[in-house]
Every structure is written in C-alpha cells, then in structure tokens.
Amino acid sequence: MTAGTVRTPLPVGRTALAAAAARAAAALAALPDPGERSGEQRGAAAEAKAAARRERAAFLETHVEAVYAELTADRTAWPRLAELVEAAAAAFPGLVPTPEQLIAERARPQAEKEGHEIDQGLFLRAVLRSPVAGAHLMEAMLRPTERALRLLPEFTGTGLVELGSVRVERRDGAAYLTMTGADCLNAEDDGQVDDMETAVDLALLDPAVRVGVLRGGEMNHPRYRGRRVFSAGINLKKLHAGDISLVDFLLRRELGYINKLVRGTAGHEKPWVAVVDGFAIGGGAQLLLVFDQVIAASDAYVSLPAAQEGIIPGAANLRLSRAMGPRLARQVILHGRRVWATEPAAAFLIDEVAEPGDLDAVIAGAVDRLSGPAVVPNRHMLNLAEEPPDAFRHYLAEFALYQAERLYSDDVISKIGRFQAERKTRARVP
C-alpha cells in the first residue's frame, strides 16, 4: 500500500469485492460460452474480468495478511494450496472461483474456459509475496501429506508401495522411486504429482532410508517399448484437454514434492540421485536441477521446450542460470536447445555419464557416497546458500500469476487449436 493511501476496512472491502465479482459474473452470463463468442463479445468478456481483477488486486494489496489470518485461524491451521483457495472462496465471495465454477471449467477444453484460475493465481501471488503469509504457506506445503502418513506403516513394514504412476521400493538403505507411466513416457499430470509427493514423503519419513533415487521405468509406448525413459514433462494431451490445473499441478508440484526434494519434510532431509535414461524433457529437466547427483545414460538428452509450448518451465528460470550460467540458460529456455549427455555443456546439468548397461553400478556408487553422515548437513547448507527460502518464495509469487495468465493466453490457445486439428487429421488417416 503506497504512502497516503486510505486503508479501506476489511468488511467494506469484502462487500465491494463481492459486488465487483457479481457484476462481472452477470456480464459473462449475458454472453455465449467462451468458445462461441465473437471478437466483440470476447472483448466485452475480457473487460468485465479485468474490472473485477482490478478490484481483487486492490483488495489483496490492502488486506492479504488479514485474509490469510482469517483463513488459517491466525496461522494456527496449516491448509495446503487446494484447501486454502477453497476456504477463500467460501469466506470471501468473489475473491477466487468457487468449487462449482472450477468443476464447470474442468469439463471444458482449455480453449473454451473462462480463465477463472487466473484469479487463483492473483490471490496466491499476493499470499506468497507476504513474508508472513507466504512463509506460513510454504511451511504448510512442506508438511507430509495425509496419504503418505496413511501409507507409511505399510512402506516401513514391507519396503514396497505401488502408487499408480510411481513405485517406491526400499533396498539396502535407499528408496528407489520408479516412475511407471509406461504408456505416456512418464508425462506429468495432477495424479502423477500426487503420487510423486507421496513417494517423496515416504522416502523422507522412513528412518531406514538414507538416500533417494529417482528413475524412469520401462515403457510400453510403441516408439520406446522395453526401454527406460526418465520423463517427457507435462502431459500436453491433458493440458490441451483442460485437465492440467494451476493449483493441483503447476503450483503443488513446485511448492510440494520438488521443494521437499530440496528442503525435506517434518525435519527430515535426505540426499537424492536422479538417473536419466532416454531423455528428460520439460518438467523432467526441471527436476534435475534440485538433485544432489545426476547420472545419465550416454545416449540421453535434456531439453526445456516450455517457451515453445507457451508456458513457464516451473522454477527452472530461477535455477538454470545458477547451474549453467545466463547464456546457456537462455539458449535452453528461450531457444529450445537440446543438451546431449556427452556434449561439454551437459557437465553443468549431469554429474556422471555411463553406458546404459553400466548404470546400475554407477547408481550403487552414488548411493554409497551419499550415505555418509556429513552429507545431509552439508547439502542443507549448500541449498540454503544457493536458494534461500525467501528467494524461492518471491519467484513462486510471480510464477503463480504469470503461469496462470500463460495458460489462457492467445498464443497457447492457438497452439491448442492446431494440436487438436492435427490429432483429428491423424485420426482420419488410415
């Protein structure tokens, strides 16, 4: 709030916010569905939504910490992202979309949505910008998930849990997390993020685990049948269909399991090894930036095509310059440069390269080296120096809104239309 600004009392601001949202909702209701609007009607819809967002932004600038305090009982409760936005919808009508609005949106392809998630991004940016509210939310997201706590006795007892898209197995003091999206090249979606966070929690909480190892399993995809693949990144098919969410995928992924790989959970931190077979594309490449050791097969490559897809590659813009330097980072992120494991530039991303048949022995050596008692405190201090929590919080605050806006930008919607047309054409070809 700037000097001289009159602070509107919270009850007055709440009423004004609800009224602005109601005006926008009435204007949108008078128009056809988003996919059927003319250019003039799209302009009218954009104007109505922009007016409501200006009211939301002004309200949050003044009241975000009071809002967060009310939603968390003065920060004595620890809601996660999805719980927080749902509570905000109930307590502050018009601040974020209601569950009913989100369900209706989810039933539409990405190109035919209203873009209500942008209002979630606006809200979460304000929360994360606040040193008080943002730090509390980050701590809430570092707590173990309820699903992991339910499964922990089974895992500690048997050393094996099958989660759907991830298998977790404990062997000789190491937790081996195998991504098992065999038909989609380990592409990521909301469910895979839930499985990954559960798996990371189990590895961190099990006292018999000293090191975590993440690797892709064997594929049954026709092009890669019988071969291991690390990750194809975000599931573009589900993105284009409107099945990738801002809160449950794009933000939960960063503030949840990836942040836990860096900072641990419930006071438990452990070192992590990533093993790249085939390729690490997009989100797969982002993951490599938080591991303590990255091992790759000699025929593997890494790429980050998010700019070509029209979106932001998670926290890679924060971390890749630190790893590779600004010039190479721009080549990878802005120009789509592919980095092969055997080329000199790969040394900034990959610690050790081996022939595919030798990877198991190399993994065993890495697990042994990272099992030492001084590894955890030293990695903690390295991570603290390289990426202080406040730097990560500031980045994620802007990411929350920028990524939400990207999801509904004209160029992304245009790409979606071309993708859908190409799929229909391929389906007609005998």
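Only heavy atoms go into these numbers, but all of them, side chains included; no hydrogens, no water, no symmetry mates. Just so we're clear, the structure is a prediction, and the values are computed from it rather than from any experiment.
The nearest pair of heavy atoms linking Glu117 to Leu407 is OE1-CD1, 4.2 Å. Taking every heavy atom of both residues into account, Gly310 and Asp411 meet most closely at CA-OD2, 3.9 Å. The nearest pair of heavy atoms linking Arg37 to Arg42 is O-NH1, 2.9 Å. The shortest non-hydrogen separation linking Ile244 to Asp190 is CA-OD1, 3.9 Å. Across Asn186 and Gly216, no two heavy atoms sit closer than the pair ND2-CA, 3.6 Å. Between Leu288 and Ala280, the shortest heavy-atom distance links the atoms CD1-CB, 4.0 Å.
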Exercise for review: Give the intermediate values and the outcome of side chain to side chain contact (heavy atoms under 4.5 Å, CB included) for residues Asp299 and Thr342.
Suggested key: CA-CA 8 Å; Asp299 58 353; Thr342 52; over 6 Å; no

Apply side chain to side chain contact (heavy atoms under 4.5 Å, CB included) to residues Phe123 and Leu84 and explain how you reach the verdict.
CA-CA 10 Å; Phe123 168 61; Leu84 182 68; 4.1 Å; yes

Between Asp248 and Arg80, does the salt bridge (Lys or Arg N to Asp or Glu O under 4.0 Å) criterion hold? Intermediate values first, please. CA-CA 10 Å; Asp248 288 324; Arg80 290 170 60 82; over 6 Å; no

Residues Glu387, Val290; criterion side chain to side chain contact (heavy atoms under 4.5 Å, CB included); working and verdict
CA-CA 10 Å; Glu387 188 179 290; Val290 302; 5.9 Å; no

### Message
For Thr156 and Leu205: C-alpha separation, side-chain torsions, deciding distance, then whether side chain to side chain contact (heavy atoms under 4.5 Å, CB included) applies.
### Response
CA-CA 9 Å; Thr156 56; Leu205 294 171; over 6 Å; no

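Remark: the backbone N or O of Glu254 is not paired with any side-chain donor or acceptor of Asn259 at under 3.5 angstrom. The main-chain N or O of Glu114 is found under 3.5 Å from a side-chain atom of Lys49 such that the two form a donor-acceptor pair. Side chain of Asp189 to main chain of Gly191: a donor-acceptor pair is present (N/O by atom type, distance under 3.5 Å, no hydrogens or angles). A donor-acceptor pair under 3.5 Å links the side-chain atoms of Gln403 to the main chain of Ile312, judged by distance alone. No side-chain donor-acceptor contact under 3.5 Å links Arg167 to the backbone of Thr178. A donor-acceptor pair under 3.5 Å links the side-chain atoms of Arg225 to the main chain of Asn220, judged by distance alone. No donor-acceptor pair closer than 3.5 Å links the side chain of Glu112 to the backbone N or O of Pro109. Formation of a donor-acceptor pair under 3.5 Å by the Thr180 side chain with backbone atoms of Gly164 is found in this model. The backbone N or O of Ala374 sits less than 3.5 Å from a side-chain atom of Asn378, completing a donor-acceptor pair. Here the side chain of Asn383 pairs a donor or acceptor atom with the backbone of Arg379 at under 3.5 angstrom.
Between Met141 and Leu137, the closest side-chain pair of non-hydrogen atoms falls below 4.5 Å. The side-chain heavy atoms of Leu251 and Leu396, taken from C-beta on, include a pair separated by under 4.5 Å. A heavy-atom distance below 4.5 Å is not found between the side chains of Met179 and Glu188. Lys270 has its side chain out of reach of Val211: every pair of non-hydrogen atoms, C-beta onward, lies at least 4.5 Å apart. Taking the side chain as every heavy atom from C-beta outward, Leu142 and Lys260 approach each other to under 4.5 Å. Contact of the Thr72 side chain with the Tyr68 side chain is registered, since non-hydrogen atoms from C-beta on lie closer than 4.5 Å. Taking 4.5 Å as the limit, some side-chain heavy atom of Tyr176 sits within range of a side-chain heavy atom of Val367. Under the 4.5 Å side-chain criterion, counting only non-hydrogen atoms from C-beta, Phe59 is in contact with Val67.
Rounded to the nearest 0.5 Å, atoms CG (Leu318) and CG (Leu289) are 9.5 Å apart. The distance from atom CG of Asp201 to atom CE of Met196, rounded to the nearest 0.5 Å, is 11.0 Å. Note that CZ of Arg228 is 9.0 Å distant from CE of Met219, once rounded to the nearest 0.5 Å. Arg53 CZ to Leu122 CG: the interatomic distance, rounded to the nearest 0.5 Å, is 8.0 Å. Atom CG in Leu239 sits 8.0 Å away from atom CD in Glu309 (nearest 0.5 Å). Going from atom CD of Gln120 over to atom CG of Leu246 covers 6.0 Å, rounded to the nearest 0.5 Å.
Donor-acceptor pairing under 3.5 Å is lacking for the side chains of His116 and Glu105.
With salt bridges taken as basic N to acidic carboxylate O contacts below 4.0 Å, none links Arg125 and Glu405. Arg75 and Glu139 are not joined by a salt bridge, as no carboxylate oxygen comes within less than 4.0 angstrom of a charged side-chain nitrogen. Comment: Asp243 does not engage Lys237 in a salt bridge, judged by the lack of any side-chain N to carboxylate O separation of less than 4.0 angstrom.
At most 12 non-hydrogen atoms from other residues, nucleotides or ligands lie less than 6.0 angstrom from CD of Glu146. By the 6.0 Å contact criterion, NZ on Lys113 is enclosed, its count of non-hydrogen atoms from other residues, nucleotides or ligands being greater than 12.
Listed by first and then second residue, the side chain to side chain donor-acceptor pair (under 3.5 Å) pairs involving residues 277-289 are Arg215-Asp277, Arg253-Gln286 (not counting sequence neighbours). Applying the ring-ring contact (aromatic ring centres under 6.0 Å, His included) rule to pairs touching residues 252-309 yields Tyr224-Phe279, Phe279-Tyr301, Tyr301-Trp340, sequence neighbours excluded.
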Show me the donor-acceptor pairs within less than 3.5 Å that the side chains of residues 324-338 make with the rest of the protein, sequence neighbours left out.
residue: Gln331; atom: OE1; partner: Arg337; partner atom: NH1; Å: 2.6
residue: Arg337; atom: NH2; partner: Glu343; partner atom: OE1; Å: 2.8

